[in-house]
Number of protein chains: 2
Amino acid sequence: MDKRQAILDAAFEVFARCGYGQACVKEVAEVAGVAKPTVYNHLHDKETLFRHAVTAAAEGIAERTISALDALRDPAGDLRETLGQVTRELAASCCDERAQALRRLTYGETAQFPDVLESVHARTALDLREVLADRLARLVVAGRLRPCEPGEAAGHLLALITGPLDARSRMGTRAVPPAEVERVAESAADVWWRAYGAPAGPAARWGS
Amino acid sequence: MDKRQAILDAAFEVFARCGYGQACVKEVAEVAGVAKPTVYNHLHDKETLFRHAVTAAAEGIAERTISALDALRDPAGDLRETLGQVTRELAASCCDERAQALRRLTYGETAQFPDVLESVHARTALDLREVLADRLARLVVAGRLRPCEPGEAAGHLLALITGPLDARSRMGTRAVPPAEVERVAESAADVWWRAYGAPAGPAARWGS
DNA sequence: ACTAAATTGAACCCATGAGTTCAAGTTGGT
DNA sequence: ACCAACTTGAACTCATGGGTTCAATTTAGT
């Protein structure tokens, strides 16, 4: 029963539902099951309330999303199969309600909170991209992927997943049926694999 | 000197700069060079002001973006070359300040204006995708692209362009140097072409 | 049990900004 | 020139909501 955490959770929920401008602190307090002065006791401002709530939520979301990449660490069997699995997991976490709300909030409140956009983006996008790039680099070195710039390849895979999904879900406004999420993920993996997968045949032998 | 248009332009500028919640009608009036009651005379509400300003801006932006696809209508020379050119143009219009502001606004104000998000998305994303899909379908039929689902292929190309650019520009917060925009566009075209381009050789001969 | 800190609810203050009113002035068509 | 419609600025109303105050109460550590 950490009140502070309850407040931060409630704040994220309310901000996500109403946007920063329309959200009112009283409602945050009610959702948190706490009195209004208690909110101000922990977080001095509405602004700091927003900042802390959003960055805390971003931390959790980033952690879970990045953990989807674990399967690419030392992939034993068919690489294409592992890629498909990872892609499906990334697609699923991209459709997560909190993740979508987080994107809406940070994008929308850019005018007032450019720094929040910056730090959230660093944690949820750049870090994700870097970790994925690390995995891809190992696979390139091992000759299991075509030679490429790993960061670029990582960006492309993520774009192929999130782009079509954001388009279909209208930034989280519409629910995308799980079957379609899978289809989108599969076709993203397909396209990426055609561009970056090692051609069939024994081993690495693509010269200069 | 159409006052109404001046008001709509000013409104988009102010909303883009401050967000809906923080924007005030007085400032819109000042930017438009008009008195406050005149604003209310043309657009009854702050809400309708927002709706009209945003959808009007979306119309203009969508039109210009879609016109970038004209080069794919009956492409004479090297298709890969034309693809590169179109991709560069799409990348440029994706980095346009107004376009980015439009995305920030619609995404951010989703909570209050889900219908605006819907209509803007329909015009700027779905229409673009459909027109591009039309072009691609013709090219597939002509044997100049690998057989594929045109809508899906269109979505992939757009994702490969906008995804990396949004990541680099932080939703329009950071200026991306034109040289890097070109690089991103070029690599997007590369990847897409590897997945969807017709393999070298005389003509279409990929069986079932 | 005792004390210090945290919590509560309720009332309160106050800045902000949406939207209105109105009398005076401007525009534009005939 | 004339009239109707539109525009203007300034003052005004009013609802909303951020933030504070405070006395009463609960909680938690010892």
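Note that the coordinates shown come from a computational prediction; the quantities given were computed from them, not determined experimentally. So that the names make sense, note that chain A is the first sequence line, chain B the second, and so on, each numbered from 1.
- Per the geometry, CG belonging to A:L49 stands 15 Å off P belonging to D:dG17, to the nearest Å.
- Residues passing the salt bridge (charged side-chain N to carboxylate O under 4.0 Å, His left out) test with A:D115 are A:R51, sequence neighbours excluded.
- Applying the salt bridge (Lys or Arg N to Asp or Glu O under 4.0 Å) rule to pairs touching residues 24-39 of chain B yields B:R17-B:E27, sequence neighbours excluded.
- Protein atom CD of A:E47 is 13 Å distant from nucleotide atom C1' of D:dG19, rounded to whole Å.
- Among B:V25, B:D9, B:V28, the one residue that satisfies the side-chain contact (heavy atoms from CB on, under 4.5 Å) test with B:V14 is B:V28.
- Residues satisfying the side-chain hydrogen bond (donor to acceptor under 3.5 Å, both in side chains) criterion with A:R129, sequence neighbours excluded, are absent altogether.
- The backbone N or O of A:P75 lies less than 3.5 Å from a partner atom in the side chain of A:R144, making a donor-acceptor pair.
- In this structure, the NZ atom of B:K46 is 4 Å from the P atom of C:dA18, given to the nearest Å.
- For the residue pair A:H42/A:R4, the side-chain donor-acceptor check at 3.5 Å is not satisfied.
- Listed by chain and residue number, A:Y20, A:F50 satisfy the ring pair (Phe, Tyr, Trp, His ring centres under 6.0 Å) test with A:F113 (two or more places apart in sequence, or in another chain).
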Report task. Mark up nucleotides 5-12 of chain C, 5' to 3', with B wherever a protein heavy atom is under 4.0 angstrom from a base atom, S wherever such an atom reaches only the sugar-phosphate, and - elsewhere. Result -> --SBBB--

Using the 3.5 Å cut-off, write out each protein N or O paired with an N or O of nucleotides 13-16 of chain D and the distance between them.
none

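- Within a heavy-atom distance below 4.0 Å of DNA chain D, no residue of residues 104-114 of chain B is found.
- At distances below 3.5 Å, at least one donor-acceptor pair connects side-chain atoms of A:H52 with backbone N or O atoms of A:T48.
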Anything under 3.5 Å between a donor and an acceptor, one on a side chain of residues 94-112 of chain B, the other on a protein residue two or more places apart or in another chain? List them.
unit_1	atom_1	unit_2	atom_2	d
B:D96	OD2	B:R98	N	3.3
B:D96	OD2	B:A99	N	3.2
B:Q100	NE2	B:S169	OG	3.3
B:R103	NH2	B:D166	OD1	2.8
B:R104	NE	B:M171	O	3.1
B:T106	OG1	B:L102	O	2.9
B:T106	OG1	B:R103	O	3.1
B:T110	OG1	B:T106	O	3.1
B:T110	OG1	B:Y107	O	2.7
B:Q112	OE1	A:Q22	NE2	3.4

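- As rounded to whole Å, 18 Å separates atom P of D:dA11 from atom OH of B:Y40.
- A:D190 has a carboxylate O that lies under 4.0 Å from a charged side-chain N of A:R80, or vice versa, which qualifies the two as a salt bridge.
- Within residues 9-23 of chain A, no residue has any heavy atom under 4.0 Å from DNA chain C.
- To the nearest angstrom, P of D:dG18 lies 14 Å from CG of A:L43.
- Under the salt bridge (Lys or Arg N to Asp or Glu O under 4.0 Å) criterion, the residue pairs touching residues 148-157 of chain A are A:E152-B:R183, with sequence neighbours excluded.
- Overall bending of the helix from C:dA1-D:dT30 to C:dT30-D:dA1, expressed as the angle between end axes built from five pairs apiece, is 40° (10° steps).
- Take A:T55 and apply the side-chain hydrogen bond (donor to acceptor under 3.5 Å, both in side chains) test, not counting sequence neighbours, and it matches no residue.
- Remark: A:E118 engages B:R174 in a salt bridge, criterion side-chain N to carboxylate O under 4.0 Å.
- For the pair A:K26 NZ and D:dT20 P, the computed distance is 18 Å after rounding to whole Å.
- The CD atom of B:E30 sits 11 Å away from the P atom of D:dA10 (whole-angstrom rounding).
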